[in-house]
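This report concerns only the one structure given below.
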Amino acid sequence: MRNPKVLVLDRGEELATQFSAASAEMRPQPEIVSCTRMGSVADVLEEEGPFDVMVAGPSLGTRSGLQRLRLIREELPAMRLVLAFSRRPDAGLRDIVRTGAVDLLQLPVEERDITDALERAISLAAYDVPTPNGIVPATVTETAATVPVSSGPGRVFTISSATGGCGKTFFATNIAYFLVRYTGKRVCVVDLDLQFGEVVTALRLRPKYTIFDALQREDADEDDLRMHIEEYTVSHETGISVLAAPREPSEADRISPPDITRIVESVRKNFDYVIVDTPPQLNESVLAAFDLSDQLYVMATLDLPSVRNMSVFLGTLDRLKISSENVKLILNKAESDVGIDIDQVTKLFPQGFESVLPYAKEVSRSINLGMPVMAASPQAEISRLMAAGLRYLLPADQQFQVEEAMKPAKRNLFARRKK
């Protein structure tokens, strides 16, 4: 079995020298190859590869540099990428995320952090190493996914609750980010809180069009709507697309349940995943979304009215013949010493909660930043708990990546260093 190979891409030799020194005690010891000219990286990859890991230095910390890294990763998806920058790249978070990097190192960096990053990246690469003929081993490709991704219309996940303030929009934007981050597929959030939708506010977007505008097309038949629906979405820098709720509450009255069906059907034919955010009620439009959903998340908070209404809500779903196997429960904003115990609540629902999420200040901060908390604070407790509860959406080999990403950080990236 060959030793791992690591390509260090930077204008100078200093970074490669540092990685060589830091990896000297690793077993098996990685072979470090340096490339100091971006123009020759293709030749190095072809002549000296395959590489398990590529380390990109500070000279790649620009928007164009990140774009080049993204293209390299798309060509060589089995090779893991580590970014080693002295400051935050001069680019949006979306550009960083789309490179597919598995780690970020802030320079100058200690040897222990280098070995930690290399060991993790090499272990991830070992899960996706192609054979000489370019075929991924069957041990990876034949692993059964808990929820397989269909090659047909996109999967629809609807977020609902019986009471307001449960965090539906917060959860919808974060599940969307999770799927973009770990699958690399196309995800669209559809805001069906038609009167008071908050998805664009939570992500600090300024959409040019809304659901209402999409339905006002002169030739809004099924095929036409499907072909043009993406024109009415707005993109977030993380890669999430959003179809916004109407600007005026009065416009919501002109959208019928059949319109909702047409909208969701059109979106799912253009995206791999559709996340539907709904108002805190069971009206005909919400039920139209339920009918198209592969998975339904029902949310509650740790207070008696919310818990009681969740019970009534689930009873209604049962009478509507919505299978409990397709319903996942989420308890949000869980705190101690609020007069009701978490264990008491969980005993009321024998199907159990998929996630119990704490009240966290990082959520408010992420909303102010216009980012999902899993992107803004990936190592926060609430982000790790959400990731743990959503792993089942991924194939088994990708779940391993989530487990690695959930490990507590050993350093504060791009934070001001102590003098």
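Just so you know, these numbers use all the heavy atoms, side chains as well, and skip hydrogens, waters and symmetry mates. Residue numbers start at 1 and run along the sequence shown. Being a predicted model, the structure only gives us computed values, none of them experimental.
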Quick check for you: to the nearest 0.5 Å, what is the distance between [X] atom [atom1] and [Y] atom [atom2]?
X    : Y    : atom1 : atom2 : answer
D10  : T36  : CG    : OG1   : 9.0 Å
T169 : D277 : OG1   : CG    : 3.5 Å
M374 : F178 : CE    : CZ    : 6.0 Å
I114 : E119 : CD1   : CD    : 12.0 Å
D213 : E231 : CG    : CD    : 12.0 Å
S324 : L329 : OG    : CG    : 9.5 Å

Backbone of [Y] reached by a side-chain donor or acceptor of [X] within 3.5 Å:
X    : Y    : value
D103 : A121 : no
Q106 : S86  : no
H236 : Y177 : no

Do [X] and [Y] make a side-chain contact, defined as non-hydrogen atoms from C-beta onward lying under 4.5 Å apart?
X    : Y    : result
P305 : T163 : no
R120 : R80  : no
V6   : V53  : yes
E198 : D193 : no
L296 : L317 : yes
I175 : Y297 : yes
L194 : L192 : yes
L243 : I229 : yes

S160 versus T278, closest heavy-atom pair with distance: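 The answer is CA-OG1, 3.4 Å.
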Heavy-atom pair of closest approach, residues K168 and P279: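 Taking every non-hydrogen atom into account, CE-C, 4.0 Å.
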Report, as yes or no, whether the 6.0 Å neighbourhood of atom [atom1] on [X] holds more than 12 heavy atoms from other residues, nucleotides or ligands.
X    : atom1 : answer
R11  : CZ    : no
E110 : CD    : no
R70  : CZ    : yes
Q67  : CD    : yes
Q29  : CD    : yes

Looking at D294, L179, V189, V156, which hits side chain to side chain contact (heavy atoms under 4.5 Å, CB included) with Y273?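 The side chain to side chain contact (heavy atoms under 4.5 Å, CB included) with Y273 is passed solely by L179 among D294, L179, V189, V156.
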Could you tell me which residues satisfy side chain to side chain contact (heavy atoms under 4.5 Å, CB included) with V180, sequence neighbours excluded, listed by chain and number?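 By the side chain to side chain contact (heavy atoms under 4.5 Å, CB included) rule, V180 matches V187, I240.
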For V242 and V200, run side-chain contact (heavy atoms from CB on, under 4.5 Å): C-alpha distance rounded to whole Å, both residues' side-chain angles, the deciding distance at 0.1 Å, then the answer. CA-CA 8 Å; V242 176; V200 294; 4.1 Å; yes
Aromatic F51 / basic K5 pairing, under 6.0 angstrom, 45° off normal: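 Yes.
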Against the six-membered ring of Y392, is K328 placed for a cation-pi contact (under 6.0 Å from the centre, within 45° of the normal)?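 Cation-pi check for K328 and Y392: passes.
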Ion pair check, D43 and R37, cut-off under 4.0 Å: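 Here D43 does not pair with R37 in a salt bridge, since their nearest N and O are not under 4.0 Å apart.
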Step by step, would you call S377 with S366 a side-chain contact (heavy atoms from CB on, under 4.5 Å)? CA-CA 8 Å; S377 303; S366 70; 5.8 Å; no
Please determine, by modelled atom types, if T233 and S241 share a side-chain donor-acceptor pair under 3.5 angstrom.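 No, no side-chain donor-acceptor contact under 3.5 Å.
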Under the side-chain contact (heavy atoms from CB on, under 4.5 Å) rule, what do L302 and L331 come out as? Steps first, then yes or no, please. CA-CA 7 Å; L302 197 59; L331 186 62; 4.1 Å; yes
Restricting to ring pair (Phe, Tyr, Trp, His ring centres under 6.0 Å), what partner residues turn up for F196, sequence neighbours left out?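 Result, ring pair (Phe, Tyr, Trp, His ring centres under 6.0 Å) vs F196: none returned.
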Please verify the inter-ring angle class for F353 with F349; under 30° counts as parallel, over 60° as perpendicular, anything in between as tilted.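 The arrangement is perpendicular - the two ring planes meet at more than 60°.
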What verdict does the side-chain contact (heavy atoms from CB on, under 4.5 Å) test give for T183 and D272, after you've listed the backbone C-alpha separation in whole Å, the side-chain angles of each residue and the deciding distance to 0.1 Å? CA-CA 10 Å; T183 70; D272 300 293; over 6 Å; no
